[in-house]
Structures are given as structure tokens and as C-alpha cells.
Amino acid sequence: MSNMIGLFYGSSTCYTEMAAEKIRDCINDICGNDLVALHNIAEDPVTLMADYQYLILGIPTWDYGELQEDWEANWDTIDTLDLSRCKVAIYGLGDQIGYPEWFQDALGYLWAKIVNIGATAVGTWPNQGYQFDQSQALTADQKFFVGLALDDENQFELTDAYIERWSKQIIQEFGLL
Ligand SMILES: Cc1cc2nc3c(=O)[nH]c(=O)nc-3n(C[C@H](O)[C@H](O)[C@H](O)COP(=O)(O)O)c2cc1C
């Protein structure tokens with residue numbers, strides 16, 4: 001049962017990394033197992049994603065709606081992966097007050113790529129309780145984000161509770177609980 005879930009993240013100023021560690025600890029608490037293996041994609045190849053049946057991907061948005069640099073560097077490689085048997089949950093870091101026109105855009109771009117290569121996405125998250133003008137990370141009906149949207153700049157106090165709730169949700173959607 002160990003390390004069934006690969007959690008791959010890119011992080012320039014450590015917030016997405018901190019969330020990765022919290023999600024890992026939370027899932028291990030819920031499941032009572034060492035289920036989650038962390039991979040910082042600045043160091044580990046994204047080709048390792050294909051070794052897992054369950055994936056969690058963490059991506060912050062940078063520079064007015066752009067990908068974080070390690071995701072950018074690996075963007076084309078992801079298209080070559082066979083993730084058709086994978087269930088994938090994605091979370092993003094962003095700043096809704098500083099960048100309200102681009103809030104969590106990279107989360108939306110990664111979700112679209114993952115779905116496009118045939119993976120099954122889980123983990124949508126309600127968009128109430130946020131203040132922003134536009135986001136590329138909304139579902140078609142505009143009621144949800146395509147994954148967990150975290151904002152440690154403006155809502156740090158909500159992060160732990162959101163992670164706890166989302167971790168339970170995705171473990172259920174993965175069919176592991
Ligand atoms: C120069 C700069 C540009 C940013 N651009 C965006 C943006 O376009 N959209 C957004 O939602 N957040 C944006 N952010 C906020 C980051 O996503 C946020 O700080 C995040 O926590 C960084 O995660 P990391 O430390 O894992 O790299 C920006 C932050 C900085 C400093």
C-alpha cells in the first residue's frame with residue numbers, strides 16, 4: 001500500500017511546497033499509511049508520474065497568469081506521458097487580491113492539459129469565499145475551481161482547514177476510502 005500516490009509540485013518561494021507537505025501528512029493521517037510520495041519537479045523527472053495510478057499536482061501561478069518556472073520547463077514532456085489510467089487531483093497557489101484578473105490561471109492550464117492527455121481529473125472546489133475578477137481555473141458552469149485554490153497571501157488562516165477537507169474529498173474520489 002505504501003507510496004501509491006505521487007504528489008508532484010513546482011514551487012518558487014516554497015508555498016506550494018508547504019502545502020504539499022501538509023497534504024501528504026493529512027492523507028497519511030486519514031489513511032493510516034505512508035501513501036504519498038513527494039516529488040519536487042525541479043529535482044525529480046515528471047516522467048515518474050506514469051508510475052502512479054493516483055496523482056496530486058501542485059502548481060502556483062506566476063507573472064500575470066503564467067506557469068511557475070519548473071512546470072514551464074516540463075510542460076511539453078507532460079504531453080508525452082500515458083496517464084490514461086490515472087486519477088489526478090490538482091491544487092494551485094495564487095493571490096486573489098494582488099492578481100485578481102489572473103487568479104489561479106496556471107491551475108486551469110494544468111488541469112486542461114491533464115484532461116487532454118486522457119487522465120481522469122477529480123477534486124473540484126467551490127469558488128465561494130474568494131474575491132477575484134477572472135480565472136482560467138473555473139469549471140464550465142463557473143461554480144467551482146477545477147482543483148483546490150489556496151491563497152496563502154490573503155487567506156493563510158483558511159489553508160489548513162481547506163487542505164483537510166480537500167484531502168478527504170480526493171481520497172474518496174480516488175476510491176481509497
Ligand atoms: C511576481 C509575482 C507574480 C504573481 N502572479 C500571480 C498571478 O498572475 N496569479 C495569481 O493567482 N497569483 C500570482 N502570484 C502569487 C503567487 O502564486 C503566490 O505568491 C504563491 O504562493 C507562490 O507560490 P510558490 O511559493 O510555491 O511559488 C504572483 C506572485 C508574484 C510574487
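Small disclaimer: the values here were computed from a predicted structure and weren't measured. Counting starts at 1 for both ligands and their atoms, in listed order.
Every atom of ligand 1 with a heavy atom of Ser11 under 4.0 Å away is listed here by number and element: 24 (P), 25 (O), 26 (O), 27 (O). Shown in contact with Thr13 at under 4.0 Å from a heavy atom are these atoms of ligand 1, numbered in order with element: 22 (C), 24 (P), 25 (O), 27 (O). Residue Gly94 approaches ligand 1 through these ligand atoms, each under 4.0 Å from one of its heavy atoms: 10 (C), 11 (O), 12 (N), 17 (O).
A 6.0 Å sphere centred on OH of Tyr15 holds no more than 12 heavy atoms belonging to other residues, nucleotides or ligands. The number of heavy atoms from other shown groups lying within 6.0 Å of CD (Gln131) does not exceed 12.
How far CG of Leu7 is from CD of Glu21: 10.0 Å, rounded to the nearest 0.5 Å.
In this structure, Ile27 and Asn33 have side chains that are not in contact, with every pair of non-hydrogen atoms separated by 4.5 Å or more. Side-chain contact between Leu150 and Ile163: present, with at least one pair of heavy atoms (C-beta onward) separated by less than 4.5 Å.
The protein heavy-atom contact nearest to atom 31 (C) of ligand 1 is Trp62 CZ3, 3.2 Å. Atom 16 (C) of ligand 1 has as its closest protein heavy atom Thr61 O, 3.4 Å. Among protein heavy atoms, atom 23 (O) of ligand 1 sits closest to Pro60 CB, 3.3 Å. From the protein, the heavy atom lying nearest to atom 19 (O) of ligand 1 is Glu153 OE1, 4.2 Å. When only non-hydrogen protein atoms are considered, atom 20 (C) of ligand 1 lies nearest to Leu93 CB, 3.9 Å.
If you chain together ILVMFWY residues whose side-chain heavy atoms come under 4.5 Å of each other, Trp102 ends up grouped with Tyr64, Tyr99.
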Hey, mind stepping through Leu57 and Leu110 against side chain to side chain contact (heavy atoms under 4.5 Å, CB included) and telling me if it holds? CA-CA 9 Å; Leu57 308 180; Leu110 184 56; 3.8 Å; yes

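In this model, no donor atom of one side chain and acceptor atom of the other lie less than 3.5 Å apart for Tyr109 and Gln136.
The heavy atom nearest to atom 21 (O) of ligand 1, out of those in Trp102, Tyr9, Tyr15, Tyr64, is found in Tyr15. When the heavy atoms of Asp151, Asp70, Asp95, Asp63 are ranked by distance to atom 5 (N) of ligand 1, first place goes to Asp63. The residue from Phe132, Phe156, Tyr99, Phe103 that puts a heavy atom closest to atom 4 (C) of ligand 1 is Tyr99. For atom 11 (O) of ligand 1, the nearest non-hydrogen atom from the set Gln136, Gln68, Gln104 belongs to Gln104. The closest heavy-atom contact to atom 8 (O) of ligand 1, among the options Ala149, Gly65, Gly10, comes from Gly65.
For Asp44, the side-chain hydrogen bond (donor to acceptor under 3.5 Å, both in side chains) test picks out His39, with sequence neighbours left out.
Inclusion of Ser12 in the set of residues having an N or O under 3.5 Å from an N or O of ligand 1 is warranted.
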